[in-house]
Colleague: 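Quick one: the structure is below, and I'll ask about it shortly.
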Amino acid sequence: MPELPEVEGVVRALRPVVEGKTIEKVITSSTIQTSYENGKESIVKKSSPQTFAKALVGMQITEIERRAKYIFFHLMREGNRYLFVNHLGMTGAWFTVNTLAEITEDKFRRHAHVIIQFTDKQLLVYADIRRFGECRLIEKISDHPPLLKMAPEPFVKEAEDFFIEQSEKTKYANKAIKEVIMDGQVISGCGNIYATEALFTMKINPLRKTSQISESSKRLLFHAIVNILQESIDFGGSSISDYRNINGEAGTMQNRLKMYGRKQCPICQSETTQVSIGGRTSTYCDNCQQ
DNA sequence: CCTCAAGACCGGCTGC
DNA sequence: TGCAGCCGGTCTTGA
C-alpha cells in the first residue's frame, strides 16, 4: 500500500535511471485492452490503452516529481510539454529492467500492464496486481480538475495553515478526525498507516469529531503527521503487502510502526480496538487515545 | 451550487 | 479443495 513516503522512494529511485530518456515504444497488456473493450477504465484513464501507448512515443522524460501520492512524469516532444500522471493505487510498482524476466516476483511480472521501452532499449515497466492504479496522459494539471484540489505538499510552509483552514469548514466539523486527515483536500499524502500512527502519537482517538479538537491540538497533530512522513521517507517507506521500491526492495518503516496493524498497545499493553472509519479499518488504543 | 452515498476499478488472501 | 466475501485510494456518478 504505497503512501507518500513510499511514492517518494519510488520517485527518488526512478529519477537517476529514467530522467532524460526518450520513449521509443510502449506496449500495454491485453488485460487492460480487454477491460477497455468491455467499457471499463482499467489503469489507463480517459483513453484507450493503445491510444495512450502511441501518444507516448517520441516523448522525452524531462523531470519526475512526486505530488501527494501521485508521480508526475514531465514529458516533452518537439517543444511541447505533457504530463504523465501515475498513481500506484494499492498494488502498483515500477521496475526498470532489460527484460520482463528480470521482474523476479511472479505476481508482479504476471501483471505488467504498461511496458515503456526507451531508445536505449531499457524497459520501464508498470505492474499492478489489483489494477487500482492509474496512468493518465494530459497536457496540463487543469486538464484533470481533481489534481487542482489537492492540498499543498505537507512539507511546504503553507500546508499547516491550509490544513487548519480546511479543517474548520462545516463539512468536516462532524467527521471523525481520522477521516479528515486522510482527505487529500485537507492534507496531501496521509493515508491509513500514517494517520493511524500520528493519532496514536498524539493520543487522539481517531473517532473524535474534528470540531471537538482545538486549533493548537490540530497544529500539533499536523506536525506529528509531517514528522512520521519524514521518518518513513528516511527509512525507505513501509513495506506492507505489495509495496516494493524500484529495485524490488522493501523499506523498513513497517518495523517502526507503533499502532498500525498491532494487536496490543505498546504503551499500556491492552488490546487494540479496530473500527471502520470512512470505510477504512482503523486501529487505536481505547485506553491511551482519548 | 453543494454535500453525501454509492459505485467503479480488482485479485490475493482468509476462512468456512 | 472450492469459493464467497473482504479489503481499499481516488474519482465519478447519481440523489
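These numbers come from a predicted model, not from an experiment.
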Colleague: Please check if the side chain of A/Glu6 supplies one atom and the backbone of A/Gly237 the other of a donor-acceptor pair under 3.5 Å.
Modeller: no

Colleague: Using whole Å, what does the distance between atom C1' of nucleotide B/dC9 and atom NZ of A/Lys46 come to?
Modeller: 12 Å

Colleague: Given C/dC11, C/dG8, C/dT10, identify the nucleotide with an atom nearest to the side chain of A/His87.
Modeller: C/dT10

Colleague: Does the structure place the NZ or CZ of A/Arg77 under 6.0 Å from the centre of the six-membered ring of A/Tyr82, at an angle of no more than 45° from the ring's axis?
Modeller: yes

Colleague: Under the 5.5 Å and 30° test, is A/Phe132 stacked on the base of B/dC10?
Modeller: no

Colleague: Where the side chain of A/Pro146 is defined as all heavy atoms beyond and including C-beta, which of B/dC10, C/dT12, C/dT10 is the nearest nucleotide?
Modeller: C/dT12

Colleague: With sugar-phosphate meaning primed atoms plus P, OP1 and OP2, does A/Arg131 contact a base, only sugar-phosphate, or nothing at under 4.0 Å between heavy atoms?
Modeller: sugar-phosphate

Colleague: Rounding to an integer number of Å, can you tell me how far A/Ile277 CD1 sits from B/dA5 P?
Modeller: 15 Å

Colleague: Atom NZ of A/Lys107 and atom P of B/dC10: how far apart are they, to the nearest Å?
Modeller: 19 Å

Colleague: Between B/dC9 atom C1' and A/Met90 atom CE, what is the distance in whole Å?
Modeller: 12 Å

Colleague: Please write out the pairs of protein N or O atoms and N or O atoms of nucleotides 14-16 of chain B separated by less than 3.5 Å, giving the distance to one decimal.
Modeller:
none

Colleague: Between A/Ser42 and A/Tyr36, is there a side-chain donor-acceptor contact under 3.5 Å, judged purely by atom types and distance?
Modeller: no

Colleague: Honestly, is A/Arg256 close enough over A/Phe235, meaning NZ or CZ under 6.0 Å from the six-membered ring centre and within 45° of the axis?
Modeller: yes

Colleague: Determine the sole option in A/Arg67, A/Gln185, A/Lys69 for which the side chain to side chain contact (heavy atoms under 4.5 Å, CB included) test with A/Met150 is passed.
Modeller: A/Arg67

Colleague: Quick one: does A/Glu41's side chain have a donor or acceptor within less than 3.5 Å of a partner on A/Lys46's backbone?
Modeller: yes

Colleague: Between A/Lys178 and A/Asp183, is a salt bridge (Lys or Arg N to Asp or Glu O under 4.0 Å) present by the stated rule, with each step listed?
Modeller: CA-CA 9 Å; A/Lys178 177 156 179 284; A/Asp183 186 324; over 6 Å; no

Colleague: Rounded to whole Å, please give me the gap between CG in A/Asp183 and C1' in B/dC4.
Modeller: 13 Å

Colleague: Using atom types as modelled and distance alone, determine if a side-chain donor or acceptor of A/Arg208 lies under 3.5 Å from a backbone N or O of A/Gln212.
Modeller: yes

Colleague: Which nucleotide in the list C/dG9, B/dC10, B/dG12 gets nearest to the side chain of A/His111?
Modeller: B/dG12

Colleague: What integer distance in Å separates A/Lys149:NZ from B/dC1:C1'?
Modeller: 12 Å

Colleague: Taking CG from A/Leu148 and P from C/dT10, how many angstroms apart are they, rounded to a whole number?
Modeller: 16 Å

Colleague: Between A/Arg110 and A/Lys45, which residue's closest nucleotide on DNA chain B lies nearer the 5′ terminus?
Modeller: A/Lys45

Colleague: Would you classify A/Tyr70 as touching base, sugar-phosphate or nothing, given that sugar-phosphate means primed atoms plus P, OP1 and OP2, and contacts are heavy atoms under 4.0 Å?
Modeller: sugar-phosphate

Colleague: Nearest to the side chain of A/Lys175, heavy atoms from C-beta on, is which of C/dG9, B/dC4, C/dC11?
Modeller: B/dC4

Colleague: If I take atom NE2 in residue A/His113 and atom C1' in nucleotide B/dC10, what distance separates them, rounded to the nearest angstrom?
Modeller: 9 Å

Colleague: Listed by chain and number, what are the side chain to side chain contact (heavy atoms under 4.5 Å, CB included) partners of A/Ser216, not counting sequence neighbours?
Modeller: A/Ser214

Colleague: Collect all protein-nucleotide pairs involving nucleotides 1-7 of chain C in which both atoms are nitrogen or oxygen and the distance is under 3.5 Å.
Modeller:
from: C/dC7; atom 1: O2; to: A/Arg130; atom 2: NH2; distance (Å): 2.4

Colleague: Where the side chain of A/Ser42 is concerned, which of B/dC9, C/dG9, C/dT12 is the nearest nucleotide?
Modeller: B/dC9

Colleague: Side chains of A/Thr210 and A/Lys175: donor-acceptor distance under 3.5 Å anywhere?
Modeller: no

Colleague: 5'-most contact on DNA chain B: A/Tyr172 or A/Ser35, nearest heavy atom basis?
Modeller: A/Tyr172

